[in-house]
There are 2 protein chains.
Amino acid sequence: MNSPRAPRGAEDRARGGGAERARHPGSPPSSIRDVALAAGVSVATVSRALRGLDRVSEDTRERVLRAAEALDYVASPTAASLATGRTSVVGIVLPFLDRWFFATIVSEIEDVLRRSGFQVLLLNIGDRSGEDSMVLDQRLLAKRIDGIIVLGVDLEAAEASVLRRLALPVVTISASLPGCDRVGIDDVAAAESATQHLLALGHRRIGYVGGDSSNDVRRATAVDRARGVHHALAAAGLALEPELDAVADWTVTGGWRAAEGLLARRLPPTAILAASDEMAIGVLCAARALGWSVPRHLSVVGIDDHEMAVTHGLTTVAQPVRSQGRIAAEMLLAHLASGTRAAPARDVVLSTAMVLRSSTAAPRTEPRPRRRAGAAAAVGRSPRADAPTTPVPGPTPPESQSQSQSQSGQTRTPRGGQRAGSARRP
Amino acid sequence: MNSPRAPRGAEDRARGGGAERARHPGSPPSSIRDVALAAGVSVATVSRALRGLDRVSEDTRERVLRAAEALDYVASPTAASLATGRTSVVGIVLPFLDRWFFATIVSEIEDVLRRSGFQVLLLNIGDRSGEDSMVLDQRLLAKRIDGIIVLGVDLEAAEASVLRRLALPVVTISASLPGCDRVGIDDVAAAESATQHLLALGHRRIGYVGGDSSNDVRRATAVDRARGVHHALAAAGLALEPELDAVADWTVTGGWRAAEGLLARRLPPTAILAASDEMAIGVLCAARALGWSVPRHLSVVGIDDHEMAVTHGLTTVAQPVRSQGRIAAEMLLAHLASGTRAAPARDVVLSTAMVLRSSTAAPRTEPRPRRRAGAAAAVGRSPRADAPTTPVPGPTPPESQSQSQSQSGQTRTPRGGQRAGSARRP
DNA sequence: TTGTAAGCGTTATCAG
DNA sequence: CTGATAACGCTTACAA
């Protein structure tokens with residue numbers, strides 16, 4: 001407690017004289033009572049006046065505003081929360097903050113929510129692989145937030161039930177939680193597109209670098225994208241060779257290592273599809289390090305249209321990232337405003353689009369160059385002044401780096417009950 | 001208010017029966033009074049027992065814990081804040097969340113603070129160029145946070161004075177605020193290193209893509225890095241040609257456009273130094289699009305060691321990013337714990353290191369290839385199946401993508417009073 | 001060791 | 001239109 005048994009009395013208030021007082025760093029912040037006294041009204045009136053409620057005469061409101069201004073008064077959000085039960089804070093549950101997809105979405109969510117007077121509390125649960133990954137429990141959530149956005153995390157059953165008990169409005173992005181609003185893309189279809197692109201070019205021996213379908217934080221995404229690949233191959237009468245089916249951890253490094261493995265096969269693939277652009281970029285690095293020319297000897301496709309996909313000339317399936325954040329935030333705001341947490345859950349599926357760049361081409365029939373012995377080992381951190389570097393013509397710079405997400409073809413499909421995998425693919 | 005004039009009485013409490021009650025979504029969360037009643041002690045005792053204070057018998061504590069558990073009780077942080085005046089929330093002021101440097105640092109800060117029981121509130125003020133950039137004022141900060149970290153933003157005078165009035169502990173990263181603790185790198189020295197590297201290779205005609213030194217959010221960084229370039233050139237008896245001195249907005253696209261300008265000069269540079277890796281990557285794209293071979297016809301250097309620097313084979317000056325976040329968070333925690341906001345401000349300067357990759361080499365005396373007419377215009381979004389792509393041997397993948405920041409040579413230099421630009425460079 | 005009760009700064013009810 | 005005041009849920013000085 002700040003100063004029990006020592007209520008601020010008249011003698012205390014006398015020393016400052018209002019505005020003057022607030023100017024000094026050491027002085028205690030003024031409370032609604034100070035304003036009431038200064039304006040000559042009751043605290044109730046101050047509260048009403050300051051919040052713009054009606055039933056306050058213009059004259060009074062004016063006096064109150066003036067007094068508040070003079071005292072540098074700002075209402076304590078803590079006290080207001082205690083009284084109202086609302087916090088004006090929204091939690092975002094995510095597995096990483098330092099990856100492009102997540103950072104971009106959070107940025108957009110924060111932007112939308114801030115304009116509506118909400119603040120964002122980060123609930124980073126980590127990648128779940130280590131032992132110190134945060135678990136979502138009551139303590140972290142109860143009474144702190146008004147709503148929650150679950151971003152790219154497949155929650156465990158216990159966590160989902162905690163969320164349900166909290167009875168908060170919940171919106172998920174790229175993650176499913178039965179009964180909650182959801183926004184995302186059709187991961188199956190996205191992977192299908194990428195695969196079909198390679199098939200159309202004539203590739204038959206296609207490698208896949210996917211996410212971990214068993215115990216990844218992004219399990220659902222990993223599963224769906226893998227399914228898309230299988231579907232597309234099956235439709236062409238092909239199957240994914242087990243030896244060309246690699247798993248990585250969604251990172252550049254992971255994709256790099258996985259590709260090293262694929263390219264070392266006795267019968268290597270003529271094309272590699274990665275479940276994310278970051279992994280695809282890793283594949284490009286592996287190819288380069290091993291002396292494979294892209295797209296001459298190897299085609300590479302990713303999914304996401306990462307900010308750095310264009311700089312690598314990477315062909316990919318673009319998903320609208322900022323839009324997902326914006327829509328999720330708006331859906332949550334709608335619930336927050338109306339108090340309707342029930343209603344039939346909605347599932348917003350945004351469309352994706354193939355973006356063709358310079359990392360894919362028809363497979364060559366001519367043999368690839370002999371693997372240079374020790375090629376990978378020979379390269380190090382020293383500058384290679386004489387390294388041959390023929391430029392790959394790339395696209396022109398995008399009009400604007402930010403905000404250029406394609407949002408065409410968005411579809412909002414109402415949905416009832418639980419989401420079935422195929423329900424989102426008409 | 002939740003239910004004025006309707007205090008929860010015995011009849012209310014009778015309907016649930018403790019634990020059973022909390023299981024149902026609709027039931028109100030239990031309060032400290034419920035626990036007190038269930039454990040047969042006073043609320044004061046519950047408070048003490050649950051917070052691990054002494055002066056509580058083991059037996060009592062046990063009963064209280066059991067009751068709290070049964071009731072799914074979790075203390076209201078709001079009420080606790082109101083009573084103690086502390087919020088356990090730290091604000092982070094930043095200009096962007098969707099750029100690698102910022103996302104990575106925030107991620108690290110969040111991690112450190114979370115382990116100490118603090119939560120992170122994002123205060124994204126935007127890039128300040130638009131009219132809707134957020135201004136830091138009382139309303140946003142007062143009574144909501146216990147401390148603040150200012151990340152990569154040069155605050156305006158008014159904002160700095162608001163911060164001072166709030167009397168909160170403040171730590172800045174890559175930004176200076178007189179009298180506050182600071183952590184960062186020596187931007188002047190970093191730019192000097194990069195320049196010296198090019199000079200050592202034999203380059204004399206060096207182009208520079210810098211940040212905006214006049215009205216950028218990151219003004220100080222822009223100024224310091226530019227100064228480093230000028231210093232190094234001057235030390236070599238050279239000067240930065242005005243026509244080779246370009247300004248961009250720290251983005252890939254910005255660097256791309258700036259480089260297009262530089263490469264179009266009648267006497268183009270043989271090397272380009274960009275003030276950030278993102279801009280340097282843009283330079284690489286421009287060079288590629290215009291048919292310039294890197295490093296054969298153009299050397300490119302950046303600053304940062306962005307996550308994607310390695311994938312582009314970009315030579316750069318690495319700065320320890322996560323370390324900056326970690327150290328800043330720890331400094332803030334120290335203040336929070338000790339209550340010492342005064343003390344002489346400290347200035348922690350972390351060391352940087354040149355990372356040599358494949359984007360730099362000695363300048364060639366042979367003429368560069370004739371500019372292919374319309375080379376830039378010829379490339380589009382269509383796949384270029386026959387694009388020549390000779391791979392550039394690159395480094396092997398890093399051991400671990402995250403956490404691999406070099407932290408050797410960190411120096412912590414005590415500092416009193418205001419920070420002078422040259423004070424950090426012994 | 002434990003209980004009592006004031007106080008934190010608002011909001012919202014109800015009476016004027 | 002305004003004021004008095006209970007209540008929000010917790011912490012803590014002080015008394016027991």
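Letters A, B, ... mirror the listed sequences (proteins, then strands); counts begin at 1.
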Where at least one partner belongs to residues 145-158 of chain B, residue pairs that pass salt bridge (Lys or Arg N to Asp or Glu O under 4.0 Å), sequence neighbours excluded: B/R128-B/E156
Any non-hydrogen side-chain atom of B/L122 less than 4.5 Å from a side-chain atom of A/V106? yes
Taking only the side-chain heavy atoms of B/A83 (C-beta and beyond), determine which of D/dG9, D/dG3, C/dT2 contains the nearest atom. D/dG9
Please list, in numerical order, the residues of residues 42-52 of chain B that have a heavy atom closer than 4.0 Å to any atom of DNA chain D. B/A44, B/S47, B/R48, B/R51
Would you please confirm or rule out a distance under 4.0 Å between OP1 or OP2 of C/dT10 and any side-chain N or O of B/K143? yes
Just the rounded figure in Å: distance from C1' of C/dG9 to CG of A/L37. 15 Å
Do B/L123 and B/L141 come close enough that some side-chain heavy atom pair is under 4.5 Å? yes
Pick base, sugar-phosphate or nothing for B/S81, based on heavy-atom distances below 4.0 Å to the nucleic acid. nothing
Whole-Å distance separating the CG atom of B/L53 from the C1' atom of C/dT1: 13 Å
Nearest-nucleotide wise, let me know which of A/V74 and B/G40 is further upstream toward the 5' end of DNA chain C. B/G40
Quick check on C/dT2: is either OP1 or OP2 less than 4.0 Å from any side-chain nitrogen or oxygen of B/S57? yes
According to side-chain contact (heavy atoms from CB on, under 4.5 Å), who are the partners of B/R66, at least two apart in sequence or on a separate chain? B/E62
Are A/L336 and A/V90 close enough, and set up right, to give a side chain to side chain contact (heavy atoms under 4.5 Å, CB included), and what steps lead you there? CA-CA 10 Å; A/L336 257 19; A/V90 167; 4.1 Å; yes
Once you round it to whole Å, what is the distance between P of D/dC1 and CD of A/E62? 15 Å
It should be established whether B/T60 places a side-chain nitrogen or oxygen under 4.0 Å from OP1 or OP2 of nucleotide C/dT2. yes
side-chain contact (heavy atoms from CB on, under 4.5 Å) involving B/L121 - partner list, sequence neighbours excluded: A/Q119, B/V89, B/I145
Please state how far atom CZ in B/R86 lies from atom P in D/dT12, giving the value in whole angstrom units. 7 Å
Taking the side chain as everything from C-beta on, heavy atoms only, tell me whether A/I32 gets closer than 4.5 Å to A/L50. no
Who are the salt bridge (charged side-chain N to carboxylate O under 4.0 Å, His left out) partners of A/R86, not counting sequence neighbours? none
Here the distance between atom P of C/dG3 and atom CZ of B/R33, to the nearest Å, is 14 Å
Over how many whole Å does the gap from A/R55 atom CZ to D/dG3 atom C1' extend? 14 Å
State, to the nearest 10°, the angle formed by the axis through the first five base pairs of the helix from C/dT1-D/dA16 to C/dG16-D/dC1 and the axis through its last five. 40°
Tell me the interatomic distance from B/E58, atom CD, to C/dT2, atom C1', rounded to whole angstroms. 15 Å
5'-most contact on DNA chain D: A/V56 or B/S76, nearest heavy atom basis? A/V56
Spacing of B/L82 atom CG relative to C/dC8 atom P, expressed in whole Å: 9 Å
Ignoring hydrogens, what is the shortest heavy-atom contact between B/P77 and A/A142? Give both atom names and the distance. CD-O, 3.9 Å
Answer whether the closest heavy-atom distance between the side chains of A/R346 and A/V183 falls below 4.5 Å. no
